[in-house]
Q: 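Below is one structure. I have some questions about it.
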Amino acid sequence: MLDLLPDLFDYYEDKLTLVQSNWNTYGGKTIFYGEIVTVKCFEDNSKVKSTLASSGKGKVLVVDGGGACRRALLGDMIAESAANNDWEGIIIYGAVRDVGTLATIDIGVQALASNPIKTDKKDVGLVNADIEIAGVTIKPNMMVYADKNGIAVSEKPLDLIVLS
């Protein structure tokens with residue numbers, strides 16, 4: 001399967017909300033989905049790092065970085081940690097770095113942009129709080145579906161068997 005969202009919208013348009021922004025795909029997996037875990041932070045990726053260091057089987061971390069792209073909230077070492085902890089993917093409403101290496105890691109990564117500058121580490125941010133990205137409220141435990149066509153969320157898991 002090379003595309004997920006077009007088929008999902010064909011079957012479940014009334015159950016999905018498109019998170020419209022200029023998303024770019026950076027990870028080794030171009031299609032990913034899972035239960036949402038959220039982080040809200042600004043130019044400090046401490047909570048991103050600590051969250052992705054825990055078990056993430058079946059989960060996707062959605063990070064509200066305020067859309068700021070002056071510093072990268074994710075790099076290769078944190079993404080590698082996430083892959084080793086079985087996370088399905090990471091969505092950054094902000095920037096990432098080490099994009100050449102990110103493409104070799106077996107994890108989904110989407111973000112607005114890349115920037116080689118790392119963040120400050122002040123251990124500031126919120127984990128599992130409701131966030132808003134591009135006018136869409138995203139809550140922990142919702143589901144997110146992502147591919148090169150974009151990102152969509154739903155309140156409950158969708159049956160993907162209808163797509164096969």
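All heavy atoms count here, side chains included; hydrogens, waters and symmetry mates do not.
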Q: How long is the straight-line distance from CG of N128 back to CG of N141, given to the nearest 0.5 Å?
A: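 Those atoms lie 6.5 Å apart.
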Q: When rounded to the nearest 0.5 angstrom, what distance separates CD1 in I36 from CD1 in I138?
A: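 Those atoms lie 5.5 Å apart.
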Q: Going by the side-chain hydrogen bond (donor to acceptor under 3.5 Å, both in side chains) test, which pairs reach into residues 14-31, not counting sequence neighbours?
A: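 Residue pairs with at least one partner in residues 14-31: K29-E88.
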Q: Given the rule that I, L, V, M, F, W and Y join up when any side-chain heavy atoms are under 4.5 Å apart, are I31 and I151 in one cluster?
A: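 No, I31 does not connect to I151 through the hydrophobic network.
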Q: Determine the minimum heavy-atom distance between C41 and V124, stating which atoms define it.
A: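 Smallest interatomic distance, heavy atoms only, reads CB-O, 4.0 Å.
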Q: Heavy-atom distance under 4.5 Å between the side chains of L8 and L160, does that happen here?
A: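 Side chain of L8 against side chain of L160, heavy atoms only: contact under 4.5 Å found.
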Q: Could you state the interatomic distance from CG (L4) to CZ (F32), rounded to the nearest 0.5 Å?
A: 10.5 Å
Q: Could I get the full list of side-chain contact (heavy atoms from CB on, under 4.5 Å) partners for K139, not counting sequence neighbours?
A: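 With sequence neighbours excluded, K139 shows a side-chain contact (heavy atoms from CB on, under 4.5 Å) to D130, T137, M142, given in chain and number order.
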Q: Do L61 and V109 belong together in a cluster built from hydrophobic side chains that touch within less than 4.5 Å?
A: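 Same cluster: L61 reaches V109 through Ile, Leu, Val, Met, Phe, Trp or Tyr contacts under 4.5 Å.
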Q: For D64, check side-chain hydrogen bond (donor to acceptor under 3.5 Å, both in side chains) against everything at least two apart and list the hits.
A: K40
Q: Run the ring-ring contact (aromatic ring centres under 6.0 Å, His included) test against Y33 and tell me which residues pass, sequence neighbours left out.
A: Y145
Q: Are the side chain of W87 and the backbone N or O of S54 linked by a donor-acceptor pair below 3.5 Å?
A: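 It does hold such a pair.
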Q: For K57, does the NZ atom sit with more than 12 other heavy atoms under 6.0 Å from it, leaving out its own atoms?
A: no
Q: Locate the shortest heavy-atom distance separating I105 from E80; write the atom from each residue and the value.
A: CG1-OE1, 3.6 Å
Q: Give the intermediate values and the outcome of side-chain contact (heavy atoms from CB on, under 4.5 Å) for residues L74 and K49.
A: CA-CA 8 Å; L74 178 76; K49 182 178 180 179; over 6 Å; no
Q: Can you find a heavy atom in the side chain of V62 that is under 4.5 Å from one in the side chain of V153?
A: no
Q: What's the shortest heavy-atom distance between C69 and L112, and which atoms?
A: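 What the structure gives for the nearest pair is SG-CB, 4.1 Å.
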Q: Do R71 and D120 come within less than 4.5 Å of each other through their side chains, counting heavy atoms only?
A: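 Yes, their side chains come closer than 4.5 Å.
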Q: Please check if V127 and I131 belong to a single hydrophobic cluster, counting links between Ile, Leu, Val, Met, Phe, Trp and Tyr side chain heavy atoms closer than 4.5 Å.
A: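 No, V127 does not connect to I131 through the hydrophobic network.
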Q: For the residue pair A53 and S81, what are the closest heavy atoms and their distance?
A: CA-OG, 3.7 Å
Q: Could you tell me the separation between the NZ atom of K122 and the CZ atom of F42, rounded to the nearest 0.5 Å?
A: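 Interatomic distance, K122 NZ to F42 CZ, rounded to 0.5 Å: 10.0 Å.
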Q: If you count every heavy atom of other residues, nucleotides or ligands that lies below 6.0 Å from K47 atom NZ, does the total exceed 12?
A: yes
Q: Compare every heavy atom of E43 with every heavy atom of T119, then report the nearest pair and how far apart it is.
A: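 So the two residues come closest at CB-O, 3.3 Å.
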Q: Side chain of N85, backbone of G56: donor and acceptor closer than 3.5 Å?
A: no
Q: Verify the cluster assignment for V63 and I107: are they in a single hydrophobic cluster under the rule of side-chain heavy atoms below 4.5 Å apart?
A: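 Yes; I107 is reachable from V63 via cluster members.
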Q: Between D159 and Y12, what is the shortest heavy-atom contact and its length?
A: O-OH, 2.7 Å
Q: Donor-acceptor check, side chain of T38 to backbone of A129, threshold 3.5 angstrom: yes or no?
A: yes
Q: So do the side chains of R97 and N115 get within less than 4.5 Å of each other, counting heavy atoms only?
A: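 Counting from C-beta outward, R97 and N115 never come under 4.5 Å.
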Q: Hey, any chance V144 and I133 share a hydrophobic cluster, counting ILVMFWY side chains that come within less than 4.5 Å of each other, even indirectly?
A: yes
Q: Residues two or more places apart in sequence or in another chain: which of them pass side-chain hydrogen bond (donor to acceptor under 3.5 Å, both in side chains) with S46?
A: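 With sequence neighbours excluded, S46 shows a side-chain hydrogen bond (donor to acceptor under 3.5 Å, both in side chains) to D44, given in chain and number order.
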Q: List for me each residue that meets side-chain hydrogen bond (donor to acceptor under 3.5 Å, both in side chains) alongside N149, sequence neighbours excluded, and say none if there are none.
A: D3, D147
